[in-house]
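Here is the naming used below: chain letters follow the sequence lines, and residue numbers restart at 1 for every chain.
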2 protein chains.
Amino acid sequence: MSIQDLIAEISDRLTPTERRVAALVLEDPTLLAFGTVSDLANRAQTSRPSIVRFATKLGFDGYTDLQSWIREELSHQLSSPSHRIRQQDGAVATIRAAIENSIHETFAALDERRLNALATPIAKARNVWILSGETSMAGAVALHSGLSMIRPDVHLVQEHSTGRQLSSATKADTAVVFDFARYRRNSITSARALAKIGVKIVAITDGPLSPLASLTKTWCELKIPAVGPFDSSIPAVMTAELLVAQVVKQLGTEAHKRIDRLEELWQTTGTFLHYSPRVNRTL
Amino acid sequence: MSIQDLIAEISDRLTPTERRVAALVLEDPTLLAFGTVSDLANRAQTSRPSIVRFATKLGFDGYTDLQSWIREELSHQLSSPSHRIRQQDGAVATIRAAIENSIHETFAALDERRLNALATPIAKARNVWILSGETSMAGAVALHSGLSMIRPDVHLVQEHSTGRQLSSATKADTAVVFDFARYRRNSITSARALAKIGVKIVAITDGPLSPLASLTKTWCELKIPAVGPFDSSIPAVMTAELLVAQVVKQLGTEAHKRIDRLEELWQTTGTFLHYSPRVNRTL
DNA sequence: GGCTGCCTGTAACTAGGCGTACACTACTCT
DNA sequence: AGAGTAGTGTACGCCTAGTTACAGGCAGCC
């Protein structure tokens, strides 16, 4: 039952002023959700009691009642599908719901603009350093693999050799840091150290409260679903792949040239098996 | 500039109560849009002034200011669906469709029975060897990471040291091989060699025509979507995670004991950060 | 141990919210 | 033409909202 339906039901019994109010409300329902009686009265060029009467005519106790109803409707509309899906049962089914939901949210977090903001420092960096906690390692690997094919000087930083590897980082560099609660000490302290010497940080983490989020303006938030006893790395991997695609777009021909050279190299070294007659131009 | 960004910017200067408020707001932003100061105070188990202080810390004149700002943000989100569609209209939309479709198919391929068939040789193996091509490396890493936490003797085989690593494989072992067209020569030839000496093969590949499918009865087929110029590793990662969860189920208490020991080890070695920015002792 | 900060909750104030009673206008019906 | 009725705005009361000033409490520091 939407506000449109409610109004339609009583539209034939509306007085002229009430009709104006109805038109206003239909045009922008947020007016009802956020506005006060006075606001609406001003907008509809009428007095406050008319607004209240309009509410009672719709079947509510008063404007307050109508407003709280509208707000609930909007809340449902705004909230993610997670709550709706959660009611399914069975082991695989719940995992599936969790994964599909997290993918939904990841796409929501990574619109074109945000993706661009994250990709730019990666495309422009002199060196790219990739740091990661345990559960997001797959994401780090995917990013490293993808970026390596389209630009030079991409380094996946391993925990046991952090210091040695990072000692040459400079202000012209960018570090991509993956980490989620529980934050791995090594990743966080390294990221802080890098930020301090002016390395640009791109953080893939689990929320604004993350220690990574305070280090940079270029970050994004991922919802991490559980698969069995462990956290999933799917959102991290997906983010990594989207980032790579975006960096390719930004680098343009430069990246494509590099891919072609790599392809040539693979041909001459016979890296791939020519097993299937299928010609797959993409990698 | 979203509410998440705003909170992220000042997250390290938040007091404990303010942190509770922040968490609440992040979990459900409609609370901010619709709720009163009292509502929030009750939910966060604090007093009204703390809510107001939170608002001012975010850079607003007071709660009213913050709320009207949030409402405008939400209005944009709600009242202009054309805007939302336009954002999805770029390259991201097609990528999204491809990924969601492939996830759908992956779940279809991996019903409970098939998952069990794949997991059994992994749970029972003396050693587990993991081999992978380039694009599925993230899946291999995820599998390695997950399996390592629940059972011993799991090895991720790197291309440059294949021979040395695999020389100790026996009939009691299992090899999990990820590879998709174009098949990487190294992975395929290694898999063939292992199969010849009686190592059980679990193949994650792209169809019955794959050279891997002919080596074993325990295999599964994944559809691989493209993200930009490259193939996605998301289906591989997802399969790896589902496999890990299934192996955990099969191993039962044995796996759980192992996880507990690992947890204990993490505690004593301080691997993880107990993040609460207000208390800056050990950093 | 006392002092000095910083957090946090209590209390009081102002303002604006909604709802209702009442009065005015205009139209209709007898 | 007068009375009644429906529609609308004015005036008032009560209440809760947000804000601010102030006091208690706890930790760290000389």
Problem - Value in whole Å for how far the C1' atom of D:dT16 lies from CG of B:D39 - result: 11 Å
Handout entry: OP1 or OP2 of C:dT8 under 4.0 Å from side-chain N/O of B:T15
Key = yes
Practice task
Starting from C1' on D:dG9, measure out to CG on A:L40 and report it in whole angstrom.
Solution key: 17 Å
Completion exercise
Out of C:dT20, D:dC12, C:dA12, minimum distance to the side chain of A:R48 belongs to D:dC12
Problem - Phosphate contact (D:dG9 OP1 or OP2) by A:S50 side-chain N/O below 4.0 Å - result: yes
Exercise for the section: Verify the contact: side-chain N or O of B:T46 to OP1 or OP2 of C:dT8, cut-off strictly under 4.0 Å; return yes or no. Expected result: no
Completion exercise
Between CZ of A:F54 and P of C:dG19 the distance, given in whole Å, is 14 Å
Fill in the blank from the handout: Out of C:dC18, D:dA21, D:dT8, minimum distance to the side chain of A:R53 belongs to D:dT8
Practice task
Examine D:dT8: is either OP1 or OP2 under 4.0 Å from a nitrogen or oxygen in the side chain of A:T17? Give yes or no.
Solution key: yes
Completion exercise
From OH of A:Y63 across to P of C:dG17 the rounded distance in Å is 11 Å
Practice task
Answer whether the closest heavy-atom distance between the side chains of A:P235 and A:E105 falls below 4.5 Å.
Solution key: no
Exercise for the section: Hey, which sits more toward the 5' end of DNA chain C by its nearest nucleotide, A:G35 or B:S47? Expected result: B:S47
Practice task
Please list, chain by chain and in numerical order, all residues satisfying ring-ring contact (aromatic ring centres under 6.0 Å, His included) with A:F107, sequence neighbours excluded.
Solution key: none
Practice task
Take atom CZ of A:R20 and atom P of D:dG9, then tell me their distance rounded to the nearest Å.
Solution key: 7 Å
Handout entry: Proximal nucleotide (of D:dT19, C:dC18, D:dT8) relative to the A:V37 side chain
Key = C:dC18
Problem - Short side-chain N/O contact to D:dA17 OP1/OP2 from B:T64, under 4.0 Å - result: no
Practice task
Give a yes or no on whether a salt bridge exists between A:K249 and A:E112, defined as a side-chain N under 4.0 angstrom from a carboxylate O.
Solution key: yes
Practice task
Go through C:dT8, D:dG18, D:dT8 for me and flag the one nearest to the B:T36 side chain.
Solution key: D:dG18
Fill in the blank from the handout: Whole-Å distance, A:L66 CG to C:dG19 C1', equals 14 Å
Exercise for the section: Return the value, rounded to whole Å, for the distance between atom CZ of A:F60 and atom P of C:dC18. Expected result: 16 Å
Handout entry: Atom of A:S187, atom of A:L131 and distance for their closest heavy-atom approach
Key = O-CD2, 4.0 Å
Problem - Separation of D:dG7 P from A:R19 CZ (nearest whole Å) - result: 12 Å
Handout entry: Side chains of A:L32 and A:R71 in contact at under 4.5 Å (non-hydrogen atoms)
Key = no
